[in-house]
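Residue indices begin at 1 and follow the sequence shown. Computed from a predicted structure; not experimentally measured. We count ligands from 1, going down the list as the structure has it; atoms in each ligand are counted the same way.
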Amino acid sequence: MSTVLVLNSGSSSLKYQLVDPASGEALAAGVVERIGETSGTVKHEAKGEKTVRDLPVPDHGEALRIVIGLFDEVGPSLAEAGIAAVGHRVVHGGEVFSAPTLVDDDVVAGVRDLVPLAPLHNPANVTGIEVARELLDVPHVAVFDTAFFTTLPKAASTYALDREVAAEHGVRRYGFHGTSHQFVSSAVAAHPVVAEKLAAEGRSPETLRQVVLHLGNGASASAVLGGEPVDTSMGLTPLEGLVMGTRSGDIDAGIVFHLIREGMAAEEVDTLLNKRSGILGLSGVGDMRELQKLVAAGDADARLALDVYLHRLRKYVGAYAAVLGGIDVLTFTAGVGENDHRVRSGVVRGLKFLGLTIDPAANEARSDEARVISAGHGAEAPLVMVVPTDEELAIARQAMALVEG
Ligand SMILES: Nc1ncnc2c1ncn2[C@@H]1O[C@H](COP(=O)(O)OP(=O)(O)O)[C@@H](O)[C@H]1O
Ligand SMILES: CC(=O)OP(=O)(O)O
Ligand SMILES: [Mg+2]
């Protein structure tokens, strides 16, 4: 057996999985949370056994040391599991990195150079890579969230700014969650119901028009034509687009200048938009499960937060229908997209004019499988689907493919 240890370093967390890319099986998975706070938590799961520890975790380096220690202590042993590579999720690859990349000192320097474009994400990615290279003597592969979107059409990736200023500062739409959008859109294209639909309509796979909604803590939408992305909602940074757990998504850029002129520092506005906005800013809670509880209890702020969230989603689906010239499949994925049937029906209900429908029983049924939730999928009618994303498996496969050459 050959396995890949996949590391996903967030601003205050480290998620990891030991994956066998051939079978798709995760041999172990876990998360270190509240890194840098007075007390952190480590949750490690392997062979159905959970290990939970509360202890201070000062930084991402220490987090990784604790994780490697747990593999030694409770297993599985990384050596016995045949670890062949470490796959690192790196959020921003800028214009430099467009494919999975074998990590050397120059690559680490390249990821560090991109910190100004992803100040919340890339610093943790750099630390994660540096410490992992110290601790694990196997090839390290960086897989970039931006990679799938490097081929976006210019009309979609270009901001209407002074072109010299934009070029000098690398200002363009990069797009994020690309590993997920690619994994999910390929799974949709390969799904038998979708293949049947295209065949029945006498169409080739290159004409398949998809909208994918990745709704996690961070959230983004993409428009995909025949497997190629043609637009996406995140931009220069992962702040643009949909309403998220703590991020505002789209706002008038004038708000930034207004707040700065009113006395806020640029850093404060950055923190406001990235960490104190979105669902959290509107309702007091950033987690969708918590928000739905407040909505059910009749909380008016929570209701408005959900309405703003759904309104933005419907706007993006409508906009992407225009970009694609119609929609064949609308797909929900990630924590909210896979689990929250109210959000799914709330989006689709407003989009009847696009032919989108929902079958309440299929929508409310619980399953971990890719599935169709639209009502009656007759000829020409678009499908609505739920497809679980698996960024870790996608990263493991890409890392193994690179290492095996
Ligand atoms: N059963 C559920 N119902 C509604 N929302 C859920 C459910 N399970 C998870 N979520 C939501 O999914 C979000 C986290 O999604 P996830 O994809 O795990 O995020 P990330 O990888 O960006 O940290 C949270 O808002 C959480 O509340
Ligand atoms: C890019 C991004 O927003 O990632 P996450 O959803 O993990 O915060
Ligand atoms: Mg995620």
Margin query: Quick check on G218 - does any of its heavy atoms sit under 4.0 Å from an atom of ligand 1?
Written below: yes
Query - Geometric class of the Y16/H44 ring pair [parallel <30°, tilted 30-60°, perpendicular >60°] - result: parallel
With heavy atoms of [X] as the reference, note each atom of ligand 2 found under 4.0 Å away.
| X | answer |
| --- | --- |
| P238 | 1 (C), 3 (O) |
| G218 | 6 (O) |
| F176 | 1 (C) |
| R89 | 1 (C), 2 (C), 4 (O), 5 (P), 7 (O) |
| D145 | 1 (C) |

In short, side-chain hydrogen bond (donor to acceptor under 3.5 Å, both in side chains) pairs touching residues 115-127 with sequence neighbours left out are none
Can an N or O of L215 be found at a distance shorter than 3.5 Å from an N or O of ligand 1? no
Worksheet item: Any nitrogen or oxygen of D287, main chain or side chain, under 3.5 Å from a nitrogen or oxygen of ligand 1?
Response: yes
M234 near ligand 2 by a heavy-atom separation under 4.0 Å | yes
Practice task
Please confirm whether H214 comes under 4.0 Å of ligand 2, counting heavy atoms of the residue only.
Solution key: no
For A334, the ligand 1 atoms with a heavy-atom partner under 4.0 Å come out as 17 (O)
Rounded to the nearest 0.5 Å, the CD1 atom of I68 sits from the CD atom of E134 at a distance of 11.5 Å
Counting heavy atoms under 4.0 Å, the part of H121 that contacts ligand 2 is side chain
Notebook entry, point to check: Less than 6.0 Å separating the ring centroids of H214 and F332?
Noted result: no
Notebook entry, point to check: Quick one: does R247 get an N or O within less than 3.5 Å of an N or O on ligand 2?
Noted result: yes
### Geometric N/O contact N217 with ligand 2, under 3.5 angstrom
no
Taking NZ, NE, NH1 and NH2 as the nitrogens, is one of them in [X] or [Y] under 4.0 Å from a carboxylate oxygen of the other?
| X | Y | result |
| --- | --- | --- |
| E392 | R89 | no |
| E364 | R344 | no |
| R203 | D328 | yes |
| R172 | E95 | yes |

Note: H341, heavy atoms under 4.0 Å from ligand 1, region reported as neither
Fill in: Flag for S220-H177: side-chain donor and acceptor within less than 3.5 Å
yes
query: Is I66 close to L55 at the side-chain level, that is, under 4.5 Å between some pair of heavy atoms?
result: yes
Heavy-atom proximity to atom 9 (C) of ligand 1, picking from M288, K15, R289, E290, points to R289
